[in-house]
Amino acid sequence: MTDVIVEKTLTESFLNMTPSLARKTKNGYENVSFPNKTFKRPNGMWFDIAFIGDRPNQQELGTNGRSRWIGIMQITVCYPKGVGTEGIEDAFEKIAAHFRKSSIHDGIRIKRTYRSSARLYDDFYAVPVSIEWEADLDR
């Protein structure tokens, strides 16, 4: 397992959470923006996914020893301006419940989930939701 696998695993976990926030279409997801992919903003709420990684730390001795990777999955909840904050709060609660502290997603431990202050852009609000994770991966 590598940090790329962690990113794919956590992204799939978000896309498949119950109840799902992502709206699937035959061509992908209409309300989820992925790194370096073309995205057409929908009229309602959408999510922007990004990963912030760190260098691995050696946890076991020897050439086959595992390393501990830590990082942050950031899901920015974007909501149209002028419709209130109820939708943002509901989305955050669902994400926080799915990625709760100490939960394990296919070997990836969630350390904590929290949100930052909303930022106002021209016509929408954005609330970053940070999911801190760690995983012991083979080198």
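Nothing here was measured: the structure is a model prediction, and the numbers come from that model.
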task = Might you work through the side chain to side chain contact (heavy atoms under 4.5 Å, CB included) test for R115 and E89, ending with a clear yes or no?
result = CA-CA 10 Å; R115 65 180 173 181; E89 292 166 2; 3.9 Å; yes
Looking only at heavy atoms, what is the nearest atom pair of [X] and [Y], with distance?
| X | Y | value |
| --- | --- | --- |
| Y125 | A118 | CD2-CB, 4.1 Å |
| H105 | T9 | O-CG2, 3.9 Å |
| S117 | P128 | O-CD, 3.7 Å |
| F124 | W46 | CG-CH2, 3.5 Å |
| G107 | A135 | O-CB, 4.2 Å |
| F99 | S103 | C-OG, 4.0 Å |

request  = Take F51 and T11, measure what side chain to side chain contact (heavy atoms under 4.5 Å, CB included) needs, and give me the verdict at the end.
outcome  = CA-CA 10 Å; F51 284 87; T11 299; 3.4 Å; yes
query = Does N43 have any side chain to side chain donor-acceptor pair (under 3.5 Å) partners at least two apart in sequence or in another chain, and if so, which?
reply = none
inquiry  = Holding to side-chain contact (heavy atoms from CB on, under 4.5 Å), I want the full list of residues that pass it with R109, two or more places apart in sequence or in another chain.
reply    =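 R109 satisfies side-chain contact (heavy atoms from CB on, under 4.5 Å) with R68, I104, E134, D136 once adjacent residues are dropped.
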request  = Could you check R100 against I110 for side chain to side chain contact (heavy atoms under 4.5 Å, CB included), going step by step and ending with a plain yes or no?
outcome  = CA-CA 7 Å; R100 69 189 178 283; I110 303 303; over 6 Å; no
ask   = Can the ring centres of F14 and F47 be said to be less than 6.0 Å apart?
value = yes
ask   = So do I5 and D106 actually touch side chain to side chain, heavy atoms under 4.5 Å?
value =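 Not touching, per the 4.5 Å side-chain cut-off.
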key: Residue pair Y121 / K81, side-chain heavy-atom distance below 4.5 Å   = no
Can you get from [X] to [Y] by hopping between Ile, Leu, Val, Met, Phe, Trp and Tyr side chains that sit under 4.5 Å apart?
| X | Y | answer |
| --- | --- | --- |
| M73 | V129 | yes |
| W133 | M17 | yes |
| F34 | L10 | yes |
| I70 | V6 | no |
| F92 | V77 | yes |

Between [atom1] on residue [X] and [atom2] on residue [Y], distance to nearest 0.5 Å:
| X | Y | atom1 | atom2 | result |
| --- | --- | --- | --- | --- |
| Y29 | R23 | OH | CZ | 12.5 Å |
| D48 | T76 | CG | OG1 | 5.0 Å |
| I49 | Q74 | CD1 | CD | 11.0 Å |

Does [X] use its side chain to pair, donor to acceptor, with the backbone of [Y] at less than 3.5 Å?
| X | Y | result |
| --- | --- | --- |
| S33 | F39 | no |
| N31 | L21 | yes |
| S20 | L15 | yes |
| D90 | E86 | no |

task = Indicate whether the side chain of S13 and that of H98 have a donor and an acceptor atom separated by less than 3.5 Å.
result = yes
